[in-house]
Number of protein chains: 2
Amino acid sequence: METFPYRRVEQVKAKVTIKDVARRAGCGIATASRVLNNSGPASADVRSRVQKAAQDLGFSFSALGRALQSSRSMTVGCLVPSLANPVFAEAVQGLQTVLAGTGYQLLIASSNYDGAADNDAIATLIAKEVDGLIVTMVAPEHSAALALARTRGIPVALMFHDPVAGLPSAHVDNGAAAREVARRFGDLGHRRTAFLALRFASSDRSRNRYAGFLAECRLRGLPDPVLIELTETEANTPERLAQTLAALPDLTAIFASNDFLAIAVQKAARLLGWRVPRDLSVVGFDGIEIGRLLDVPLATIETEPAAMGRQAALTLLDLLQGGAPVQLPPLPFTFRAGATLAPPRADRRDDDRVAPRPPSVLSLKTDLKQG
Amino acid sequence: METFPYRRVEQVKAKVTIKDVARRAGCGIATASRVLNNSGPASADVRSRVQKAAQDLGFSFSALGRALQSSRSMTVGCLVPSLANPVFAEAVQGLQTVLAGTGYQLLIASSNYDGAADNDAIATLIAKEVDGLIVTMVAPEHSAALALARTRGIPVALMFHDPVAGLPSAHVDNGAAAREVARRFGDLGHRRTAFLALRFASSDRSRNRYAGFLAECRLRGLPDPVLIELTETEANTPERLAQTLAALPDLTAIFASNDFLAIAVQKAARLLGWRVPRDLSVVGFDGIEIGRLLDVPLATIETEPAAMGRQAALTLLDLLQGGAPVQLPPLPFTFRAGATLAPPRADRRDDDRVAPRPPSVLSLKTDLKQG
DNA sequence: CTCCGATATGGAAACGTTTCCATGTGGGGA
DNA sequence: TCCCCACATGGAAACGTTTCCATATCGGAG
């Protein structure tokens with residue numbers, strides 16, 4: 001552990017304000033402001049003196065002072081569950097790209113999927129006087145903090161949520177996408193399916209996907225899909241997930257609520273000695289890039305989180321300019337045909353096959369080495 | 001496209017300030033402030049009146065006013081190249097978790113790996129009067145904006161960079177990690193190796209990795225590794241990458257500067273009909289979770305970006321509390337033994353085998369379907 | 001009864017801007 | 001020569017806080 005030699009850096013002047021510039025240029029503050037902002041008349045003489053003074057002093061405006069006086073902070077608050085989830089991270093990056101040109105900056109908070117934390121976070125963002133909010137949270141329709149934003153007249157745009165409570169949202173139609181998956185499963189002859197989710201309770205997206213999936217299954221006279229809500233542990237340790245899968249009735253196809261889960265399922269299946277898609281079909285959701293590069297490319301619903309971010313940013317920008325709230329149509333999704341989806345094995349098409357005895361899960365760790 | 005019915009929401013009062021609270025409570029502003037902050041004496045009577053008034057009015061402090069008067073914005077500026085890169089996204093999430101408890105908020109900017117944009121971004125953050133900066137950028141040692149921060153007395157912590165210019169950095173020892181890879185390659189008998197990078201010019205991390213890799217190769221009397229800088233296109237389209245690889249001298253092992261590239265290499269190898277690791281060994285860098293779940297688990301240098309974020313946040317927090325800058329030791333990395341690394345094929349151990357004719361790249365697209 | 005100290009309270013300055021308004025200067029037209 | 005107007009300039013208020021300081025009130029001790 002190395003300590004840097006202590007040196008008070010040549011701190012020219014902690015703060016140089018417009019007052020300093022004015023003094024040095026020998027003019028009034030108002031004049032300096034006008035010159036620096038090009039917002040009013042000034043003689044060529046004083047103009048150049050002010051410019052020079054600002055230059056010499058290394059002056060730059062304090063956004064704080066400006067914000068206070070204009071009551072516009074040029075800051076947009078953003079709340080997402082977690083940046084560790086690349087879907088949200090990409091969305092935020094999408095916001096960033098749109099906002100970059102506009103002078104707005106992003107104040108970011110994350111709730112870690114916690115329905116209390118996200119309300120607090122929004123309250124804090126509001127206290128920081130953000131000009132607008134872009135939010136993905138647990139329950140936007142019941143959020144007190146979001147109601148406060150409305151009271152305060154702060155524009156809000158949602159991301160990922162199906163539109164709710166009159167708040168415009170940049171989203172994909174989760175239900176429709178899920179129905180599409182059910183259709184594919186059905187067309188291939190799958191009957192016994194499952195829906196896999198992590199944090200079902202705190203994700204309306206997951207719930208909407210399940211709802212769509214279920215609805216379409218029923219429409220086709222298929223048995224209701226099994227809803228499996230995983231714990232964090234199950235999701236993160238393939239061995240645990242393998243146990244869970246092994247204990248299930250004779251599934252032939254699994255719809256995972258996101259691609260990570262889908263890939264984890266593949267891993268678990270491998271541990272069980274099942275082959276994907278021969279013994280089990282898997283479809284994911286989101287369409288992360290990696291899925292495409294896999295040895296067995298993942299079949300999935302492909303969405304574009306960055307586009308979602310961009311749309312949310314544009315929507316908010318419009319609101320900030322006084323536009324009326326407009327709900328744009330959902331962003332498109334596409335079904336990406338991978339190699340993890342195939343018809344069920346002939347001996348499983350009928351609904352009454354005997355569950356195969358999976359090889360002992362515990363003896364399978366070596367499998368890790370050869371994949 | 002649906003337009004919401006126009007309704008001016010019941011906007012109780014655009015802004016309720018402490019002045020309003022004071023008026024309603026029938027006391028002075030100073031008193032209200034003291035009560036609300038518990039920062040001074042007040043009679044029980046007035047105390048309760050103020051509390052009630054604040055409650056009724058739905059008062060909350062404006063962080064702006066506070067920041068202006070105390071010249072502490074309770075905001076930390078953060079610059080990363082892009083949140084679309086999960087390594088940075090996780091690091092930011094790491095910052096977030098540490099900062100969450102402290103009252104500091106994160107103001108985020110991203111440069112898209114652009115060495116001019118990142119300077120501008122920092123300048124903007126400084127203008128917003130951030131109390132501190134956490135930065136990953138193209139050239140921190142030459143950044144004018146970073147120099148400005150120093151002038152202004154704004155504490156700075158780096159992430160990912162090897163420490164430079166007296167700025168403490170939360171990082172892993174890229175050189176050491178790369179040497180470790182060279183050692184592994186060497187021990188297994190590889191001689192002809194390559195280092196694969198994207199944006200070599202703008203990433204000191206990549207350069208440090210290459211330097212370490214090269215140094216260790218020379219130390220062991222191995223031929224210099226080929227440095228291959230990919231274009232975005234090559235990195236993103238496996239077919240193009242396959243062409244590039246096919247054109248190379250008879251490599252037996254590739255060290256990719258990050259796991260995405262490593263996975264892309266595997267894909268490209270598959271397209272060429274090469275088997276990993278039989279025909280080509282691949283080692284990545286970063287240790288992203290997915291690598292572990294792959295069919296052929298990726299050998300890689302495992303790092304923990306979130307830990308990097310946490311360390312950077314703690315370092316900055318210490319600086320913010322007046323601590324002297326301290327460079328902590330680099331964070332640990334581990335070599336993750338995957339299944340993509342093996343000895344070269346016997347017929348390739350000698351250094352003068354004939355380059356095999358790769359099958360036509362163009363005819364290989366169908367491969368996508370079966371992986 | 002007087003005086004002192006402790007406690008309670010509010011006015012006002014300061015933080016860094018922008019902008020309204022008033023003042024001052026100059027030139028051109030009558 | 002005189003006026004008026006356009007232009008240049010600076011003072012001051014306002015934005016929402018906190019905090020210093022002065023004032024007011026009260027109880028108790030002498």
Choosing from [options], which nucleotide comes nearest the side chain of [X]?
X: B:Arg66; options: D:dT9, C:dT18, D:dT17; answer: D:dT17
X: B:Gln69; options: C:dA14, C:dT18, C:dG10; answer: C:dA14
X: A:Ile29; options: C:dT18, D:dT9, D:dT18; answer: C:dT18
X: B:Ile18; options: C:dT9, D:dG10, D:dT18; answer: D:dT18
X: B:Ala30; options: C:dC15, D:dG16, C:dG10; answer: C:dG10
X: B:Arg34; options: C:dT9, D:dT18, C:dT17; answer: C:dT9
X: A:Phe61; options: C:dT17, D:dT17, C:dG16; answer: C:dT17

Is a donor from one side chain sitting under 3.5 angstrom from an acceptor on the other, for [X] and [Y]?
X: A:Arg49; Y: A:Thr31; result: no
X: A:Arg23; Y: A:Thr17; result: no
X: A:Glu129; Y: B:Ser62; result: yes
X: B:Lys128; Y: A:Thr75; result: yes

Under 4.0 Å between a side-chain N/O of [X] and OP1 or OP2 of [N], yes or no?
X: A:Ser43; N: D:dT9; answer: yes
X: B:Thr31; N: C:dG10; answer: yes
X: A:Ser33; N: C:dT18; answer: yes

Using whole Å, what does the distance between atom [atom2] of nucleotide [N] and atom [atom1] of [X] come to?
X: A:Asn37; N: D:dT9; atom1: CG; atom2: P; value: 16 Å
X: A:Arg72; N: D:dG16; atom1: CZ; atom2: P; value: 16 Å
X: B:Leu64; N: D:dA14; atom1: CG; atom2: P; value: 19 Å
X: A:Asp20; N: C:dT17; atom1: CG; atom2: P; value: 9 Å
X: A:Lys19; N: C:dT18; atom1: NZ; atom2: C1'; value: 13 Å
X: B:Leu68; N: C:dT17; atom1: CG; atom2: P; value: 9 Å

Inset, instruction - To the nearest 0.5 Å, tell me how far A:Leu328 CG sits from A:Thr315 OG1. - result: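 Nearest 0.5 Å value for the CG-OG1 distance: 4.5 Å.
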Inset, instruction - Specify the residue among A:Gly65 and B:Asp45 whose closest nucleotide of DNA chain C lies further upstream toward the 5′ end. - result: B:Asp45
Inset, instruction - Would you classify A:Ser60 as touching base, sugar-phosphate or nothing, given that sugar-phosphate means primed atoms plus P, OP1 and OP2, and contacts are heavy atoms under 4.0 Å? - result: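 If one applies the 4.0 Å heavy-atom cut-off, A:Ser60 turns out to touch the sugar-phosphate alone, with no base involved.
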